[in-house]
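Below is one structure, written out as structure tokens; the observations come after it.
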Amino acid sequence: MAWTATPRRAIPAGMKKGDHLFLVDGSGYIFRAYHALPPLNRKSDGLPTNAVLGFCNMVWKLMQDARNTDVGVVPTHFAVIFDYSSKTFRNDLYPEYKANRSAPPEDLIPQFGLIRQATTAFNLPCIEMEGFEADDLIATYCRLACEAGGDTTIISSDKDLMQLVGPTVGMYDPMKDRQIGIPEVVEKWGVPPEKMIDLQALTGDSVDNVPGVPGIGPKTAAQLLEQFGDLDGLLARAGEIKQDKRRESIIANADKARISRELVTLKNDVPVVEGLDDFVLHAPDGPKLIGFLKTMEFTTLTRRVGEATATEIGDVQAVPVTIERADTAHGPDVGSGAPAAAESAAGAGPDEAVSAKAQAPAQGDTPSLLSALRLEAASAGKIDKSAYVAIRDAATLKAWLAEVKETGIVAFDTQTTSSDPMLADLVGFSMAIAAGRAAYVPLAHTSGNGDLLGGGLIDNQIPVREALALLKPLLEDRSVLKIVQDVKYDIVVMNRHGIDVTPFDDTMLISYVLDAGTGHHTLAALSEKWLGHAPTPLKDLAGSGRSLVGFDQVDIDRAAGYAAEHADVTLRLWRVLKPRLAAKGLVSVYERLERPLVPVLARMEQRGISVDRQILSRLSGELAQGAARLEEEIYGLIGERINIGSPKQLGDILFGRMGLPGGSKTKTGQWSTSAQLLEDLAAEGHELPRKIVDWRQLTKLKSTYTDALPGFIHPDTRRVHTSYALAATTTGRLSSSDPNLQNIPVRTAEGRKIRTAFIADKGHKLVSADYSQIELRVLAHVAEIPQLTQAFAEGADIHAITASEMFNVPVEGMPSEVRRRAKAINFGIIYGISAFGLANQLSIPREEASAYIKKYFERFPGIRDYIEATKAYAREYGFVETIFGRRIHYPEIRSSNPSIRAFNERASINARLQGTAADIIRRAMVHMDEALDKAGLSARMLLQVHDELIFETVEAEVEATIPIVRQVMEHAPMPAVSMSVPLHVDARAAHNWDEAH
DNA sequence: ACAGAAGCTTA
DNA sequence: GTAAGCTTCTGTT
């Protein structure tokens, strides 16, 4: 279960293997939360609500996604269990049981009923039964889940429940965010869970008035049980106890111990009404839950739920709740057995009973149906642009912003003069507060050719400074959610004006989390896909290519229509897409791996990196000279001055006129002049191909790097600011462009000279930290390969170990060729190996490559199993998942075309490994700044190159920075995932990137 | 002016 | 065999 998803079923069914039941000890939680949390009263009438809020926060966290907590699993089934009354079968057994319980505090009493109502509002089964304690019901459902093959987590920290802990049953303490398993029970009590009953029988419980044996505490009890095995053994051989007092007490109180045992033994065969199939987890009904939360006046949680369920909280009315007063209450069971109260609390109709049976199958409950309804609503209505407005004065803008503040949600977009956010000047911004209700605020539109007249600013525009001053409080308002398509761009633009955009949602990123692998995530693509609407393309307004003008030159009315539509479409998309995250269990991927990376990358892009112009200029000259010399030699050899950069001309000369052997054709029928092919010819002794390959290398370095990079040096910062795309790759990797700083040469000595131009500021150093063999480590972890796991744990040479296993040669004195082949196979596995590819890579016959692969799978059958399981999974579900739950879709994996199918299979095998590695470094990046901050270090993250992070730091802090960076990177998977293979990071510092790497 | 192919750079 | 982005050439618009 390390990686496989458990697709949620919409149709109630019993449990099966792999399902996970959450049982919340509701009654236990009430008392604990009441005492642990600070007092809280509803503002409007002083109703005490601290335990209710604690309960709602806890349940929301658990329901949203278990990765938010230390539980680490996603529940498929969920129920909240309560005590029904204070009188149970145990009172018949022992009348004094729980007799010394005092009445609950006055301000706790109304909260009993409210918490039951909250449970119903969350769409969760609220389970209780007369004559039984919550603990007995929990024991019964644990047994049922276990028999069905499912796992259970009990949400409680009550020691009375620890007897239930076992291989398939764990506990989770929601207040300490801590898991309790078998080791934790042993650690705390000194005995395994199955001996907890005997231990409690000896120690007793003063709170519940369980007598136990006087003078025996947990330490003594554990020691006695260790010595005598169990309670019966102890009572039978009590005479052997050496200590006089202890021996006498046990013999005298043997009956008390026996009755105590009966009292603390949980009854796991309660004749329950609701079955496990009634506990199938459904997404909460946004409006229903929000209605309750609003009534409770839990503003933060209301907003969170609104965001997650994409419900406009302003639309939802508060609902009446039933409040039990102290004078009508009579103990902890207040409000229980009062379905009418719970019903009204949830705003449900009279037909909807609270019992889980009636509740579970309600149609609109399922997350997928909610999403479907949203989608239907979204694509049904045509996009009406008639209500879009242009705001030309501050008073109108203020009125709109006030309305946004009230609503708490706004879709937002900036219009600027450049697609590069570091160069963009703000021209205007648009916002949408409801479908069809959108406005554009022009700020800096100019008339005519500004290059001649200095740009005449058009009248009736709010000055940029004034507009930003009005906008800033809203963009920074924690209670207003900003919805933006590709928010990083807007964040960078706004940061440059001293504005922090928070909190935000990004429709592009939501789509990426939901649908990576199924197409692009641009606004146009998403609008077409989900709304059936093609928004106006920018080129219709600003032109393209040579005729491209800045957005400031666009007519204001046309700009208003375009920009307002952009915001309107963004808002509509968000309403369709956001609920899908919860429906598909992808909330935590979005919230943990995607959204928090946005401000991190925005900062990295704004910092940029220093690039030494002079070094590049000198290199460019050297490269030009080298290329010119080679050109002359090449012309001499072919006797003609062709364009060497034209593969067509080159191919015609080499394989046509000069008749060199072995030329193959490309798919357009041209001669192939690939480096591989020219290298082969050079190896056969031909002079010309070598020179062509060298010429290509020099011209490549010159045009792509030494000549292009200086053009990216920013006029103000004097640094180079790349742009990272978060949603461009299918696997979860970032991509870098304008310029791409993820493909700066490193393999050849010539190429590495480019890296010497990437430098630290005066008094600073660059620190480069890279993961060693991260994808192979991920492979060893997910495929659970003992030899590889061990080799990594020992820090051994992984390729040599592979070779040793395959070819039965010792690692000591291994020929380099043997190791090289094993290395190629290891990489081949990561790429979804094929005999064809391996043969190509090693320049060996395909049959030989096949034999290698066969041998490899014999020695590492776990890897073959992993590959087959991944293919089967991808074929069944159409996607694969990383160990952190990121999904990557392969819609063509069922293609009837074998080569398309095979390609998708290889890609899906690679995606889990590459994607997991990408997730790991994302997690490291998300946590890095805080870790450096905490350590008091000023190091700044500048670049990411897939498995490498580059920092700039003052020289004095280099030594302190490296261990922090390594610590964060090596432990990045924790606490979400604990890998069975250690991660290793190499880090070093130098003045330039070449020496640091 | 643009799109696609070919080729090269990286992890 | 996986994942990207950039430059040049070439043919078409």
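Below, read A as the first sequence line, B as the second, and so on, with proteins coming before strands; counting in each chain starts at 1.
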Note to self: Could you tell me how far apart A:Tyr724 (OH) and B:dT10 (P) are, to the nearest whole angstrom?
What the structure shows: 16 Å

Note to self: In whole Å, I'd like the distance from the CZ atom of A:Phe827 to the C1' atom of C:dA3.
What the structure shows: 13 Å

Item checked: Short N-O contact, A:Glu633 and A:Arg690, less than 4.0 angstrom -> no

Next item on the list: Taking the six-membered ring for Trp and the single ring otherwise, decide whether the centroids of A:Phe807 and A:Tyr852 are under 6.0 Å apart.
Entry: yes

Checklist line | Side chain A:Gln742 and base B:dT10 donor-acceptor under 3.5 Å | finding: no

Notebook entry, point to check: With a 4.0 Å cut-off on heavy atoms, is A:Ile744 in touch with a base, just the backbone sugar-phosphate, or nothing at all?
Noted result: sugar-phosphate

Notebook entry, point to check: Would one find a side-chain N or O of A:Thr731 under 4.0 angstrom from OP1 or OP2 of C:dA3?
Noted result: no

Item checked: Lys/Arg N to Asp/Glu carboxylate O, A:Arg641 vs A:Glu631, below 4.0 Å -> no

Margin query: In this structure, how many angstroms lie between the P atom of B:dA11 and the CG atom of A:Asn826, rounded?
Written below: 18 Å

Note to self: Of the listed nucleotides (B:dA6, C:dT2, C:dA3), which one gets closest to any side-chain atom of A:Thr668?
What the structure shows: B:dA6

Note to self: Starting the side chain at C-beta, find the nucleotide from C:dG1, C:dA3, C:dG11 nearest to A:Asn910.
What the structure shows: C:dA3

Note to self: Strictly below 4.0 Å: does A:Arg747 bring a side-chain N or O up to OP1 or OP2 of B:dT9?
What the structure shows: no

Notebook entry, point to check: Does a nitrogen or oxygen in the side chain of A:Arg733 sit under 4.0 Å from OP1 or OP2 of C:dA3?
Noted result: no

Check: Considering only side-chain heavy atoms of A:Thr666, which listed nucleotide, C:dA3, B:dT10, B:dA6, is closest?
Finding: B:dA6

Check: Contact class for A:Tyr705 (heavy atom, under 4.0 Å): base, sugar-phosphate, or nothing?
Finding: sugar-phosphate

Check: Any idea which of B:dG7, B:dA6, B:dT9 is nearest the A:Thr673 side chain?
Finding: B:dG7

Next item on the list: Remember a base hit wins even if backbone is also touched, and classify A:Asn740 as base, sugar-phosphate or nothing at under 4.0 Å, heavy atoms.
Entry: sugar-phosphate

Notebook entry, point to check: What is the nucleic acid contact for A:Ala824, judged by heavy atoms within less than 4.0 Å: base, sugar-phosphate only, or nothing?
Noted result: base

Next item on the list: Looking only at side-chain atoms of A:Ala675, point me to the closest of C:dA3, B:dG7, B:dC8.
Entry: B:dC8

Next item on the list: Kindly point out which of C:dG1, C:dC9, C:dA3 is positioned nearest to the side chain of A:Gln841?
Entry: C:dG1

Next item on the list: Select one nucleotide: of C:dT2, B:dA6, B:dT9, the one nearest the side-chain heavy atoms of A:Pro745.
Entry: B:dT9

Next item on the list: Would you mind classifying the nucleic acid contact of A:Asp738 as base, sugar-phosphate or nothing, using non-hydrogen atoms under 4.0 angstrom?
Entry: sugar-phosphate

Next item on the list: Give one of base, sugar-phosphate or nothing for A:Ile830, where a contact means two heavy atoms less than 4.0 Å apart.
Entry: nothing

Next item on the list: Pick base, sugar-phosphate or nothing for A:Ala708, based on heavy-atom distances below 4.0 Å to the nucleic acid.
Entry: sugar-phosphate

Margin query: Regarding A:Ser544, tell me which of base, sugar-phosphate or nothing describes its non-hydrogen contacts under 4.0 Å with the strands shown.
Written below: sugar-phosphate

Notebook entry, point to check: Salt bridge check: are A:Lys854 and A:Glu858 linked by an N-O gap of less than 4.0 Å?
Noted result: yes

Next item on the list: State plainly whether the residues A:Glu605 and A:Lys488 are in salt-bridge range, i.e. N to O under 4.0 Å.
Entry: yes

Notebook entry, point to check: To the side chain of A:Pro647, which of B:dT9, B:dG7, B:dA11 is closest?
Noted result: B:dG7

Checklist line | Whole-Å distance separating the CG atom of A:Leu623 from the C1' atom of B:dT9 | finding: 14 Å

Checklist line | Length of the line joining A:Arg912:CZ and C:dT2:P, which is rounded to integer Å | finding: 18 Å

Check: What does A:Gly645 touch in the nucleic acid at a heavy-atom separation under 4.0 angstrom: a base, only the sugar-phosphate, or nothing?
Finding: sugar-phosphate

Next item on the list: Describe, in one word, how the ring planes of A:His721 and A:His714 are oriented to each other, choosing from parallel (under 30°), tilted (30 to 60°) and perpendicular (over 60°).
Entry: perpendicular

Item checked: Nucleotide C:dG5, atom P - distance to NE2 of A:His946 in whole Å -> 9 Å

Check: OP1 or OP2 of B:dA1 less than 4.0 angstrom from a side-chain nitrogen or oxygen of A:Ser547, does that happen here?
Finding: no

Next item on the list: Measure the distance from CZ on A:Arg755 to P on B:dT10 and round it to the nearest whole Å.
Entry: 8 Å

Note to self: Does C:dT10 have its OP1 or OP2 closer than 4.0 Å to a side-chain nitrogen or oxygen of A:Gln649?
What the structure shows: yes

Next item on the list: Please report, rounded to the nearest Å, how far the P atom of B:dG7 is from the CG atom of A:Asn643.
Entry: 14 Å

Next item on the list: Among B:dA11, C:dT10, C:dT2, find the nucleotide with the atom closest to the side chain of A:Asp947.
Entry: B:dA11

Check: Within the structure shown, what part of the strands sits under 4.0 Å from A:Glu948 by heavy-atom distance: base, sugar-phosphate, or nothing?
Finding: nothing

Checklist line | Closest contact, heavy atoms only, A:Gln742 versus A:Leu734 | finding: OE1-O, 3.6 Å

Check: Considering only C:dA3, C:dG1, C:dA4, which nucleotide approaches the side chain of A:Ser834 most closely?
Finding: C:dG1

Checklist line | Sidechain N-carboxylate O distance under 4.0 Å for A:Glu995, A:Arg988 | finding: no

